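All values derive from a computational prediction rather than experimental measurement. Start at 1 with the first residue, then count along the sequence. Both ligands and their constituent atoms are indexed starting at 1 by order of listing.
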Amino acid sequence: MDLRPVRTPTWLAVLLLLAGCGRPAVHEAEFYVFGTMVQVSIAGASDELSNKAFALLQDRFQKMHRDWHAWEPSKLTAINAAFAEGKSIQADAEMTELIGLSQRAEQQTGGRFNPAIGELIELWGFHTSNFPVHGPVPAAEQLASLVARHPSTADIEIGPDGLYSRNPAVQLDFGGIAKGFAVDIACAELRGLGVNNAIVNAGGDLRAYGTEGTRPWRIAIKNPLGGVLGSLEIHGDESVFTSGNYERYLETANQERYAHIIDPATGRPAREVMSATVVARDGWLADAAATAFVVAGLSAWSDLAQSLGIRMLLLTDASGQVYATPEMLERVQLTGDHPAIILSSEMQNRDLTD
Ligand code: AMP
Ligand code: MG
């Protein structure tokens with residue numbers, strides 16, 4: 001996720017789509033936040049309730065954007081400054097919860113998802129809104145020395161004096177989880193207002209619950225090479241997140257590309273998996289997991305899926321080949337003509353056409 005400055009006014013329009021064929025009226029609004037267009041769709045609610053919900057969500061998203069910004073002055077940059085100086089700092093409940101969820105995600109992904117590596121991300125030049133980044137690859141010694149300081153969210157203590165990091169190398173960057181936590185918060189707000197059916201879609205990463213009248217919500221899965229990979233129906237309350245090593249990268253003078261998802265173990269971009277799509281109930285988990293699956297690569301996906309309790313997973317490799325778990329294949333409708341390879345729990349990849 002990229003956190004660009006908030007543009008105002010960002011609330012574009014409320015559209016009322018006409019009802020028909022089992023479709024109730026769907027209200028939609030869009031606003032630009034988190035460096036992306038957030039689209040909110042609400043089914044089966046009045047104009048008044050929908051408008052109230054859109055206004056509330058716009059405020060909530062903008063607050064999260066301001067508070068969690070990794071390189072413009074924010075609550076997060078104040079926390080990072082305190083960590084670097086070995087000082088304690090107070091944090092609000094939302095920030096504390098986000099850090100707690102990050103600690104869980106780092107632990108459950110065996111450190112592949114690690115939002116404490118902000119210094120590494122900055123060193124690669126990825127604390128920017130302007131992609132691609134142009135420049136040389138950071139020096140090997142610089143990368144090695146940052147990796148050797150082992151920044152981890154496990155170094156953070158959450159106590160009565162607020163937050164404290166035992167390791168001054170911890171610099172938080174929520175780019176891999178904030179959008180997920182934000183859609184969770186947005187959906188909780190919508191439910192609190194009495195909205196029973198909604199999609200909160202942040203640039204193709206989303207949480208959806210309820211239905212679109214008599215039929216399920218149907219959503220698209222982003223293709224790392226552009227367009228869509230396929231679509232799937234939402235059952236109940238689910239988040240669908242895709243992480244990719246394709247849009248955001250550093251390009252060197254001789255046109256080599258280094259993507260923005262960093263393997264915390266090496267300090268270098270993950271290369272094997274081009275994109276990972278995860279379905280899970282909670283947005284924070286789907287988001288963090290999708291980032292971790294890109295780092296894990298094609299051989300380590302199974303242990304990671306088990307540790308995270310994730311059954312619906314879709315990966316694409318650098319050649320564009322799609323791999324998917326049986327549970328994902330049951331649900332997804334792929335658009336391409338090339339068959340997906342099944343990711344079976346026995347780790348035996350089998351061609352669908354066999
Ligand atoms: P996503 O698009 O959710 O995969 O998030 C990618 C963003 O997360 C990057 O732009 C970085 O800000 C941050 N990031 C990169 N590598 C990691 C990692 N291994 N663990 C956690 N966050 C990361
Ligand atoms: Mg993510």
Among [options], closest by any non-hydrogen atom to [atom]:
| atom | options | value |
| --- | --- | --- |
| atom 10 (O) of ligand 1 | His127, Arg248, His260, Glu122 | His260 |
| atom 4 (O) of ligand 1 | Pro264, Ser243, Ala290 | Ser243 |
| atom 22 (N) of ligand 1 | Trp71, Phe131, Phe113 | Phe113 |

Against heavy atoms of [X], which atoms of ligand 1 measure under 4.0 Å?
| X | answer |
| --- | --- |
| Arg112 | 18 (C), 19 (N), 20 (N) |
| Asn114 | 18 (C), 20 (N), 21 (C) |
| Asp287 | 3 (O) |
| Gly175 | 3 (O), 5 (O), 7 (C), 8 (O), 12 (O) |
| Thr291 | 1 (P), 3 (O), 4 (O), 5 (O) |

With a cut-off of 2.8 Å, does [X] put an N/O/S atom close enough to the Mg ion (ligand 2)?
| X | result |
| --- | --- |
| Gly180 | no |
| Thr291 | yes |
| Asp287 | yes |

Task: Close side-chain approach of Glu238 and Arg331, heavy atoms under 4.5 Å - done: yes
Task: Val273 and Asp317, any side-chain heavy atoms less than 4.5 Å apart - done: no
Open item on the list: More than 12 heavy atoms of other residues, nucleotides or ligands under 6.0 Å from CZ of Arg218: yes or no?
Closed with: yes
Open item on the list: Using a 6.0 Å cut-off, check whether atom CG of Asp337 has over 12 heavy atoms from anything other than its own residue.
Closed with: no
Task: Nitrogen or oxygen atoms of Ile177 and ligand 1 under 3.5 Å apart - done: no
Open item on the list: For the 3.5 Å polar cut-off, considering only N or O atoms, please tell me whether Asp263 and ligand 1 meet it.
Closed with: no
Task: Proximity of Phe131 and Tyr249 rings by center, below 6.0 Å - done: no
Task: Ring-ring centroid check Trp301 Tyr323, cutoff 6.0 Å - done: no
Open item on the list: I want to check a possible cation-pi pair here: Arg268 against Tyr258, using under 6.0 Å from ring centre and within 45° of the ring axis as the test.
Closed with: no
Task: Aromatic plane relationship, Trp71 with His69 - under 30° parallel, 30 to 60° tilted, over 60° perpendicular - done: perpendicular
Open item on the list: Does only the side chain of Ile121 get under 4.0 Å from ligand 1, or the backbone, or both, or neither? Count heavy atoms.
Closed with: side chain
TODO: Report the part of Ala292 (side chain from C-beta onward, or backbone N, CA, C, O) that has a heavy atom under 4.0 Å from ligand 1; answer both or neither where that applies.
DONE: neither
Task: Criterion side chain to side chain contact (heavy atoms under 4.5 Å, CB included) on Tyr164 and Lys87, from CA distance to verdict - done: CA-CA 6 Å; Tyr164 171 77; Lys87 291 184 182 155; over 6 Å; no
